[in-house]
Amino acid sequence: MTADQITLTLPDGATRTYAPGTTGMQVAESIAKSLAKASVAIKIDGEICDLSLPINKDARIAIIRRDDDDALELIRHDAAHVLAEAVQTLFPGTQVTIGPTIENGFYYDFARDEPFSPEDFAAIEKKMKEIVAAGKPFTREVWDRQKAIETFKAKGETFKVELIQDLPGTEDIKIYKQGDWFDLCRGPHMKTTADVGTSFKLMKVAGAYWRGDSSRQMLTRIYATAWRNDKELQDYLTQIEEAEKRDHRKIGKEMDLFHLQDEAQGSIFWHPKGYSIWLALEAYMRRRQTDGGYVEVKTPQLMDSRFWEASGHWGKYRDNMFVVPDVVPNTEDGGKVFKEEPKHFMALKPMNCPAHVQIFKQGIRSYRDLPLRLAEFGCCHRNEAHGALHGLMRVRQFTQDDAHIFCREDQILSECIKFCKLTEAVYKDLGFEGTIVKLETRPEKRVGSDDLWDKAEAGLMDALKELGMKYEIAPGDGAFYGPKLAFIVRDAIGREWGCATLQLDFNLPERLDANYIGEDGGKHRPVMLHRAILGSIERFIGILIENYAGKLPTWLAPVQCVVATITSEADTYAKEVFEALQARGLRVELDVRNEKINYKVREHSLAKVPYMFVVGAREAAEKTVAIRTLGSQDQQFKPLDQALADLANAANPPY
RNA sequence: GCUGCUGUAGCUCAGUGGUAGAGCGCGUCAUUGGUAAUGACGAGGUCGGGAGUUCAAUCCUCCCCAGCAGCACCA
């Protein structure tokens with residue numbers, strides 16, 4: 001029963017009527033020739049569709065032009081098809097698999113004995129541009145499942161066959177053709193390959209597992225970026241350059257903050273300047289937490305394997321733990337490390353929580369003791385895969401600003417609120433705003449009753465609601481022992497970093513038999529909240545370096561001020577100034593080298609020192625300093641006392 | 001861990017089948033200068049490690065190690 005006509009509502013609210021079966025293209029043509037020419041797709045009730053698709057019912061529609069934001073996704077998807085055709089043309093025998101769009105571009109995974117190399121890019125891009133220039137129309141066909149399987153089998157496309165076989169029986173097998181080349185694809189696509197344009201660039205090759213499964217075949221992936229015009233492409237490439245300039249590994253070397261070496265891969269050698277950032281940050285967090293009602297503890301680095309068996313880590317995570325035989329080593333030259341096979345083992349702690357439970361368990365706890373908030377700047381070791389290691393961001397030895405809150409069930413809400421407030425305040429102090437919060441809910445494999453999970457998830461949600469915080473729900477992403485909140489910060493160039501986390505845990509207190517005496521005189525299980533704000537201090541410093549491009553706020557800057565002389569006549573006075581700054585607890589350097597002031601200014605500017613006190617004969621005579629702040633072209637003259645007080649003030653931590 | 005690429009002076013990088021070069025940095029000397037590089041001279045390297053091919057290997061081959069990009073992983 002088809003209606004005689006359908007009503008389509010345009011974005012401006014106007015309505016038009018058409019015969020059922022009218023295509024998007026025909027609609028565009030009926031509105032304006034120019035619109036039809038510029039159009040690449042149509043949005044029907046919010047869903048982007050092919051222009052050739054007949055419309056059979058009333059709908060809200062919007063014609064998508066190539067200039068529209070919605071077109072980016074289409075350009076990238078179509079470009080992936082163009083890439084696939086180019087590759088198959090140039091490298092016969094290469095199988096296609098999948099080629100989705102991603103942020104800023106797309107990739108395509110190919111199966112080929114010999115992987116591609118960036119040297120192939122020029123030829124592939126050239127071929128792609130030919131396909132674009134040819135303006136081949138994209139046409140959509142729905143195939144019979146069996147025909148599709150046989151066709152792809154005949155072509156030797158075993159991966160596509162697997163994809164088709166895995167499609168639910170209810171789904172149409174859709175094929176998109178561009179000239180003779182075709183691919184299994186759910187669409188939608190633009191009108192022709194010409195709509196892709198030429199503002200794309202192949203970026204890199206990489207291996208990727210078929211269907212993301214490390215036990216399956218490694219494919220060769222080509223990453224590319226694609227945009228609507230060359231300006232957008234250029235802006236993106238510039239942005240990548242900017243991110244490279246901020247790389248904390250590069251800046252860490254330039255600013256002499258830390259280094260890594262083979263003998264301790266994945267662990268950081270902190271140099272004096274890098275460690276001063278650490279100390280400032282740690283001191284700040286300590287003040288914040290102490291005022292927030294936490295008490296600080298320190299727990300053992302090495303613990304017996306029996307302990308980790310009890311906590312459950314031995315069975316589950318042992319392959320990522322550093323295990324140490326509890327046997328006296330053999331000291332004979334050239335002999336075996338151990339004379340006998342070790343029978344007992346210790347392990348470096350991979351996390352702090354089980355140790356904190358031990359502290360909780362000492363003596364008898366009353367409900368009056370709760371909540372008990374145990375904090376530790378806990379140094380943990382995890383044997384991460386080689387390929388996972390990355391500067392300060394992913395290491396094998398790291399220090400968490402960790403804490404565990406032991407509380408009653410009825411305290412969950414208030415503790416969550418307290419934590420969220422603290423986290424927000426800390427991020428604001430550290431220069432991050434617009435935090436995103438994710439509520440990660442129960443996974444399929446989990447411990448604890450549904451009742452308990454209901455209560456826990458509701459507790460977290462209520463806390464967020466009460467604070468009026470925006471959040472997203474990530475279903476199934478919670479830990480097996482409880483739901484969690486993940487806080488994601490956005491840095492100065494728009495990248496997102498997951499840092500703070502709050503996890504409810506009903507499992508560990510049970511496993512390790514922690515309890516408290518309730519008001520009723522009976523034993524009860526406390527709820528345990530695992531939480532961290534910075535996460536790993538190593539990683540957070542990496543994020544800070546990249547966020548500030550090394551130009552850290554004065555309170556964190558490794559060197560807060562350099563006193564630099566213009567002539568050696570001012571050396572004595574410069575030393576006075578330097579000592580006066582030191583006496584105020586500031587991190588200062590004295591530069592009385594036999595160099596010109598231009599040279600010194602340049603060097604300390606590149607070292608990202610926020611303040612320079614420049615002194616010459618005039619300043620020495622007048623007891624003043626010429627202040628140059630990082631990034632400014634001019635200087636300010638102040639009496640020494642004033643300058644000291646002002647700098648001390650500027651160097652104050654935010655809390 | 002998997003795939004690919006890379007490894008030369010403290011740093012950034014060039015280079016060659018006949019035992020190595022630049023700039024910066026470092027040292028010495030001269031220069032005492034007003035806000036992003038003063039000049040001259042000099043000292044630095046088992047060319048990631050091991051094995052092989054060769055009259056000869058930093059260069060070619062193989063193995064190992066590490067780094068980088070991505071994948072997988074991240075309690």
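Numbered from 1 within each chain, the chains take letters A, B, ... in sequence-line order. What's counted below: heavy atoms across the whole structure, side chains too, no hydrogens, waters or symmetry copies.
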Nucleotide paired to B:A56 in any strand shown, Watson-Crick or G-U, under 3.5 Å: none
Gap in Å between the two C1' atoms, one belonging to B:C65 and one to B:C13, rounded: 23 Å
A:Phe116 six-ring face occupied by A:Arg112 cation (under 6.0 Å, within 45°): yes
Separation of atom CG in A:Asp120 from atom C1' in B:G4, rounded to whole Å: 12 Å
Euclidean distance, atom CD of residue A:Gln217 to atom C1' of B:C2 [Å, nearest integer]: 12 Å
Nucleotide B:G34, atom P - distance to CD of A:Glu595 in whole Å: 14 Å
Chi-angle category of B:G48 [syn within 90° of 0, anti beyond]: anti
Rounded interatomic separation in angstrom, taking NE2 from A:His604 and C1' from B:A37: 13 Å
Sugar-phosphate only, base, or nothing, as touched by A:Leu260 at under 4.0 Å among non-hydrogen atoms: nothing
Nucleotide B:U35, atom C1' - distance to CZ of A:Phe613 in whole Å: 15 Å
A:Glu546 with A:Arg246: basic N within carboxylate O range, under 4.0 Å: no
A:Gly391 or A:Phe116, whichever maps to the more 5' nucleotide of RNA chain B: A:Phe116
Side-chain H-bond candidate by donor/acceptor type, A:His356 with A:Gln358, under 3.5 Å: no
Parallel, tilted or perpendicular, as decided by the 30° and 60° cut-offs, for the rings of A:Phe159 and A:Trp210: perpendicular
A:Glu619 and A:Phe637, any side-chain heavy atoms less than 4.5 Å apart: yes
Nucleotide of B:U32, B:G34, B:U38 approaching A:Lys596 most closely (side-chain heavy atoms): B:U38
Inter-nucleotide P distance (B:C68, B:U12), Å rounded: 12 Å
Identified pairing partner of B:U61, criterion: Watson-Crick or G-U wobble below 3.5 Å: B:A51
Row check, A:Phe377 ring normal vs A:Lys298 NZ/CZ: under 6.0 Å, within 45°: no
Contact pattern, 5' to 3', of nucleotides 69-75 of chain B - B, S or - by protein heavy atom under 4.0 Å: SBBBBBB
N/O-N/O pairs, protein side and nucleotides 7-15 of chain B side, under 3.5 Å:
residue, atom, partner, partner atom, Å
B:U12, OP1, A:Lys253, NZ, 3.2

Sugar-phosphate, base or nothing in reach of A:Ala564, heavy atoms under 4.0 Å: nothing
Under 3.5 Å donor-acceptor pair, A:Glu619 side-chain atoms to B:G34 base atoms: yes
Under-3.5 Å donor-acceptor pair between A:Ser568 side chain and B:U32 base: yes
Nearest-nucleotide comparison on RNA chain B, the residue closer to the 5′ end among A:Ala617 and A:Arg396: A:Arg396
Mutual orientation of the aromatic rings belonging to A:His81 and A:His77 [parallel < 30°, tilted 30-60°, perpendicular > 60°]: perpendicular
Nearest-angstrom distance, P atom, B:A40 to B:U8: 29 Å
Interatomic distance at P, B:G45 relative to B:A20, whole Å: 12 Å
Between P of B:G67 and CG of A:Leu392, the distance in whole Å: 14 Å
Opposite nucleotide pairing with B:A37, Watson-Crick or G-U, both atom distances under 3.5 Å: none
Under-4.0 Å salt bridge between A:Asp256 and A:Lys273: no
Salt-bridge contact A:Glu415-A:Arg373 (side-chain N to carboxylate O under 4.0 Å): yes
Aromatic plane relationship, A:Tyr236 with A:Trp227 - under 30° parallel, 30 to 60° tilted, over 60° perpendicular: tilted
Whether A:Phe345 and A:Trp314 hold their rings parallel, tilted or perpendicular, with breakpoints at 30° and 60°: tilted
d(CD1, A:Ile222; P, B:C5) in whole Å: 14 Å
Base-pairing assignment for B:A22 (Watson-Crick or G-U wobble, both under 3.5 Å): B:U12
Distance-only polar pair, side chains of A:Tyr223 and A:Arg221, donor-acceptor under 3.5 Å: yes
Complementary nucleotide for B:G44 - Watson-Crick or wobble, under 3.5 Å: none
A:Lys349 vs A:His381 side-chain heavy atoms within contact, under 4.5 Å: no
Sugar-phosphate only, base, or nothing, as touched by A:Gln265 at under 4.0 Å among non-hydrogen atoms: sugar-phosphate
Integer-rounded Å distance: B:A36 C1' and A:Asp591 CG: 14 Å
A:Arg76 NZ/CZ over A:Phe106 ring centroid, <6.0 Å and within 45° of normal: no
Nucleotides 22-28 of chain B: protein proximity per nucleotide (B base, S sugar-phosphate only, - neither; heavy atom, under 4.0 Å): ---S---
Complement of B:A69, any strand, by Watson-Crick or G-U distances under 3.5 angstrom: B:U3
Strand partner of B:U32, provided both Watson-Crick or wobble distances fall under 3.5 Å: none
